[in-house]
Amino acid sequence: MKEAGGAQIVAVEPGVYSVLLDGRSYEARVEQSADCVIVFIDGHRFEVKINDPRRWSRSAGKPGIEGRSNVVANMPGKIVRLLVAEGDTVEAAQGLLVVEAMKMQNEMKAPKAGRIVALPAREGETVAAGEVLAVIE
Amino acid sequence: MKEAGGAQIVAVEPGVYSVLLDGRSYEARVEQSADCVIVFIDGHRFEVKINDPRRWSRSAGKPGIEGRSNVVANMPGKIVRLLVAEGDTVEAAQGLLVVEAMKMQNEMKAPKAGRIVALPAREGETVAAGEVLAVIE
Amino acid sequence: MFRKVLIANRGEIAVRVMRTLREMEIASVAVFSDADRASLHVRMADEAEWVGPSPSTESYLRIDRILDAARKHGAEAIHPGYGFLSENAEFAAACEAAGIAFIGPSSESIRRMGSKTAARQMAVAAGAPVVPGAHTALSGPAEARVFAEQYGYPLLLKAVAGGGGKGMRRVDSAPDLDAAFRDAASEAQRSFNNPELYVEKLIERPRHIEIQLMGDRHGHLVHFGERECSIQRRHQKVMEECPSPLVAARPGMREAMGEAAIRVARAAGYYNAGTVEFLVDTAGDFYFLEMNTRLQVEHPITELVTGQDLVRLQLEVAAGQPLRLSQEDIAWRGSAIECRIYAEDPYNNFFPSPGRITRLTRPLGPGVRLDGCVYEGWTVPIDYDPLLAKLAVWSESRDTAIARMLRALREYDVAGIHTNITFFRQILEDAEFRAGRLHTRFVDEFLERRRPFDPPPDLASIAELVAAFHLKGVAQTAPRPDAACAPPSRWLDIGRREALR
Amino acid sequence: MFRKVLIANRGEIAVRVMRTLREMEIASVAVFSDADRASLHVRMADEAEWVGPSPSTESYLRIDRILDAARKHGAEAIHPGYGFLSENAEFAAACEAAGIAFIGPSSESIRRMGSKTAARQMAVAAGAPVVPGAHTALSGPAEARVFAEQYGYPLLLKAVAGGGGKGMRRVDSAPDLDAAFRDAASEAQRSFNNPELYVEKLIERPRHIEIQLMGDRHGHLVHFGERECSIQRRHQKVMEECPSPLVAARPGMREAMGEAAIRVARAAGYYNAGTVEFLVDTAGDFYFLEMNTRLQVEHPITELVTGQDLVRLQLEVAAGQPLRLSQEDIAWRGSAIECRIYAEDPYNNFFPSPGRITRLTRPLGPGVRLDGCVYEGWTVPIDYDPLLAKLAVWSESRDTAIARMLRALREYDVAGIHTNITFFRQILEDAEFRAGRLHTRFVDEFLERRRPFDPPPDLASIAELVAAFHLKGVAQTAPRPDAACAPPSRWLDIGRREALR
């Protein structure tokens with residue numbers, strides 16, 4: 001603790017680290033998922049991907065746009081309306097379906113232009129977070 | 001959860017329980033040591049002794065006064081003064097020695113009248129919590 | 001005074017009311033649904049009663065069950081909070097009929113104000129200015145089209161039974177009208193069980209400024225000044241302040257709005273807490289919008305500036321006591337701001353983000369007030385509004401209050417779910433906000449112009465260092481047999497070098 | 001204004017100062033000892049510097065290391081907090097010599113007020129009433145005996161360099177004098193490295209009431225009214241309130257005390273924050289006691305009632321700005337109370353209770369302010385004062401503030417160590433306290449008369465039920481092979497019956 005410079009890290013609470021580096025004090029808060037470590041410092045979010053136990057890289061933060069895209073429920077909810085049908089051609093940002101959760105309706109939009117190759121979602125059904133609602137190719 | 005009466009207990013946080021009984025709501029906070037469970041409800045402290053895995057009883061809260069008594073350091077500190085010597089006869093509540101901790105001096109008093117049969121404490125020494133400082137018989 | 005009061009609500013407002021009840025030595029009775037057994041409002045209550053399954057239609061909106069609970073527990077009064085049954089005239093009437101005091105206005109006042117068209121007519125009669133619009137329910141989109149031909153676009157379709165932006169649609173041109181009418185009516189039907197709509201001229205870039213009122217059952221009414229509530233998303237307030245920077249800059253405006261609000265309330269025979277909402281146009285003229293016949297979410301900022309406990313006053317008035325304040329007793333000191341901390345992702349269309357709160361660190365210190373109903377380890381249920389807490393600050397001026405809110409938000413950490421904490425920090429740094437140039441489309445415009453929330457350059461390497469350190473710690477507790485011989489990555493390398501230097 | 005300020009302190013006051021620094025966009029530099037690496041004041045700071053091992057003589061009291069840290073980090077000013085070096089004239093002088101602004105009075109003012117006998121003389125010269133006593137250091141117990149022959153017992157021996165009750169002894173009769181003198185001198189030597197004592201007539205059952213002052217470097221001084229600090233244990237304040245119930249009941253008393261305090265401060269060429277302490281006898285006459293030349297622990301209650309940020313004013317004044325307030329700008333609203341939450345056992349002679357905080361639930365909601373430096377999982381070190389946090393509440397009247405403090409204390413839970421939370425609840429329920437009949441021996445008398453803190457009759461069985469449930473849960477995670485066949489005890493029986501009904 002007595003060194004003049006150099007980083008010095010202490011785990012102060014579960015997932016919370018106090019870092020002293022070059023005289024500056026930082027508090028970093030970590031949330032870990034299966035494949036990445038998310039570090040928050042002063043409200044800023046850093047995603048450190050664990051692609052392989054031996055190799056990590058910092059994620060660019062943007063998902064790829066090419067190829068097949070899944071439209072996924074980002075929270076549990078109820079499908080109140082379908083705005084497209086399987087086989088339809090859609091524009092990027094076009095509304096695909098409406099999900100209601102926590103008393104709020106949300107229109108799920110196409111992440112890119114393409115064709116609806118699968119539409120497992122059904123009106124009136126309840127969906128779980130992470131469930132695939134539509135697939136665009 | 002739908003019953004009209006009866007106790008209903010939920011662990012809401014580690015060691016914290018919400019109890020509903022006869023329509024009343026209680027929040028109980030538990031601290032556990034090796035031989036007892038301490039339950040706090042609205043600031044009131046209840047000590048439930050685990051004398052034996054098969055038998056518990058609620059402690060009367062007062063230690064026994066008869067026989068040999070140990071005077072024990074109740075926190076880490078430094079012995080600044082001895083007020084008695086081994087072999088001395090002491091009255092109940094007579095000062096035995098002075099311990100300093102957190103910048104505060106505290107006089108340890110005799111829990112009962114008797115004779116000092118052992119006095120392991122030494123002036124200037126640092127003692128740990130739980131260490132025996134004097135024994136009265 | 002009452003000896004026992006039931007709170008027909010959940011979440012932070014139930015806790016808020018309980019705190020004043022406890023301070024008044026009145027026993028509190030909580031009600032809860034299946035989803036809320038472990039909610040803080042149940043844990044903190046003196047008594048609690050289960051009222052049904054998680055959906056609010058089967059629990060918090062069940063008048064019969066709420067009244068059964070009140071009778072069973074011997075509650076002498078019911079505080080409805082906001083939302084749920086708080087503006088339900090039928091509920092207020094049922095309380096009255098059951099001989100249980102409803103802590104709010106009469107069912108008759110609620111009914112008069114609950115119909116937005118009737119309220120408008122009452123405001124007109126009381127001499128308060130109103131936005132041009134149809135004072136009665138529309139028969140269909142065709143009637144709205146006729147109105148548009150007279151007043152032009154944009155116009156606003158609103159639910160007759162509405163509130164909280166539900167069943168409300170802006171219409172910018174004739175082709176959008178039919179779809180907007182259909183959507184709004186369907187949403188109104190779902191939300192209020194009444195699809196009726198009315199139409200108003202849309203005031204461009206209006207401010208939303210409201211007046212807090214309190215009246216007793218003996219005809220005495222006072223106002224507590226204004227709150228500026230122009231910062232909204234999806235027509236819902238997310239950030240409020242007192243005083244309004246506009247009103248503070250205009251001598252006499254607070255008094256004029258306060259008096260107009262009192263006139264409308266008096267016309268409705270109003271008592272207990274209520275709020276008259278006004279739209280204010282760019283010229284500073286104000287128009288009656290509606291009256292909310294209950295305590296508002298954002299009441300804490302009025303409490304901070306006036307030093308009054310509005311819930312205590314509600315209880316006193318509901319118990320039949322005369323209001324112990326006259327208008328001259330109300331004084332305003334300093335400036336207060338409230339941020340509504342929601343479990344939502346502001347950068348993904350404010351999408352709700354329920355889930356388990358894995359870590360919670362709250363702001364403390366001078367001038368900070370926090371009203372919440374969450375705790376570490378609690379799971380935000382999917383069944384209700386995602387409001388986690390209301391963070392309010394007070395300081396001597398608007399500038400220092402903004403600085404204090406920024407400080408408080410930086411201390412605030414909620415892990416496991418998304419929140420809008422960072423979003424508020426960005427708004428508070430915005431030059432337009434700081435200049436007090438507010439209007440109800442502020443958030444939309446802000447989202448267009450906002451600069452990315454970029455970290456200072458040194459933070460990325462700190463984050464990498466911490467990730468390495470964290471994984472090393474994780475690895476230590478569950479070691480991988482092959483980890484030792486793996487070639488260190490650049491990040492791990494940094495981590496080791498820095499940590500051991 | 002300064003761009004960077006070092007805080008030569010630890011714990012809650014370091015955090016308190018940092019919060020205002022952050023609100024003023026001034027960078028903060030923390031200093032820390034070995035024991036404090038994980039302390040919240042280090043975590044929250046923008047910069048931090050290690051200044052030595054845990055004992056404060058080797059870290060927080062090391063003027064050389066503190067100044068080295070300030071120079072290394074480029075701090076333009078140093079805030080000393082309270083305790084440690086805050087009233088050390090040598091430290092203030094060293095800052096002045098190093099060209100670093102000391103956020104406090106001049107070293108000369110500290111020196112004048114630091115000698116309690118010199119301060120008394122200055123008060124006499126300024127026309128402030130003082131307690132009869134010897135104005136110079138005593139040569140030995142014999143000299144005190146001569147004083148006693150003139151004024152009678154009881155008398156009070158006090159350290160010339162003293163403060164915080166250290167080196168102070170009450171003497172009730174001649175035979176006790178020698179022992180008391182020896183103890184006090186030895187404690188004074190240990191605490192202040194100066195064994196000198198002086199003697200005063202002891203005022204029986206005095207109130208301790210102090211006046212908050214602030215002055216700029218241009219000769220302008222204002223007072224912020226009084227704080228009543230009569231609730232003490234071991235001569236240390238544990239609970240304070242503003243206004244004083246006595247002063248609030250006596251028209252003109254606040255002004256008279258405020259003017260006397262300003263006269264004394266002016267005579268000392270005083271600037272920045274300072275507090276003049278008075279003893280008030282049962283007749284309501286007040287006597288100058290001493291001046292504390294720093295921010296007080298209990299400053300939050302003055303902030304709550306006056307709406308001023310005293311730390312912000314300190315910074316402005318230290319930067320050479322003229323005070324932006326005149327006496328007429330200071331107004332008092334409502335009532336505030338502070339409880340000092342200590343890691344100690346009030347029912348075991350207030351013995352300190354350091355250790356790990358295993359669970360922490362804090363009070364929130366209307367009118368609650370919490371200044372602390374603790375968190376769940378943190379270990380309270382044995383090396384420093386056991387103050388965990390200061391809980392302050394504000395409400396419109398003393399009665400409602402008491403009710404609010406009781407409510408807040410009931411929400412407060414600190415597990416793993418002893419605290420004085422329950423003790424405050426008992427004091428707040430005490431009829432003498434509620435009647436405002438306060439004096440500095442209040443706590444001693446209260447401990448004699450207090451009723452046991454007995455639980456309502458239903459709680460014991462709830463506790464047994466929970467203990468059974470808890471052990472069942474623990475047993476489930478680590479089952480004992482013979483548990484199943486053991487005959488159930490009465491308590492376990494209750495547990496099962498109730499839990500499964």
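Here is the naming used below: chain letters follow the sequence lines, and residue numbers restart at 1 for every chain.
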So, the part of Val19(A) with a heavy atom under 4.5 Å from chain C: the answer is side chain

So which atom in Ala463(C) and which in Val39(A) form the shortest heavy-atom distance, rounded to 0.1 Å?
O-CG2, 3.7 Å

Atom CZ in Arg45(A), atom OH in Tyr347(C): separation rounded to 0.5 Å?
12.0 Å

First locate atom CZ of Arg24(A), then atom CD1 of Ile462(C), and finally report the distance between them rounded to the nearest 0.5 Å.
9.0 Å

Nearest heavy atoms of Ala460(C) and Phe46(A), plus distance in Å
CA-CE2, 3.6 Å

Counting only heavy atoms not in Glu58(C), do more than 12 fall under 6.0 Å of its CD?
yes

I'd like to check Leu465(C) versus Tyr17(A) (side-chain heavy atoms, cut-off strictly below 4.5 Å). Are they in contact?
no

Pair count under 4.5 Å, heavy atoms only, with chain A: among Ala343(C), Pro386(C), Pro456(C), Pro381(C), highest is Pro386(C)

Answer with yes or no whether the side chains of Thr361(C) and Arg29(A) bring together a donor and an acceptor at under 3.5 Å.
yes

Main-chain N/O of Leu459(C) paired to His44(A) side chain as donor or acceptor, under 3.5 Å
no

Say you draw a straight line from OH of Tyr26(A) to OG of Ser461(C); how long is it, rounded to the nearest 0.5 Å?
7.0 Å

Can you tell me how far CG of Asp42(A) sits from CZ of Arg425(C), rounded to the nearest 0.5 angstrom?
4.5 Å

Sidechain-backbone polar pair: Arg359(C) side chain, Pro14(A) backbone, donor-acceptor under 3.5 Å:
yes

Calculate, to the nearest 0.5 Å, the distance between atoms CZ and OG1 belonging to Phe40(A) and Thr422(C) respectively.
8.0 Å

Here the gap from Glu31(A) atom CD to Ile417(C) atom CD1, rounded to the nearest 0.5 Å, amounts to 9.5 Å

Under 4.5 Å to a heavy atom of chain A? For Asp345(C) that would be neither

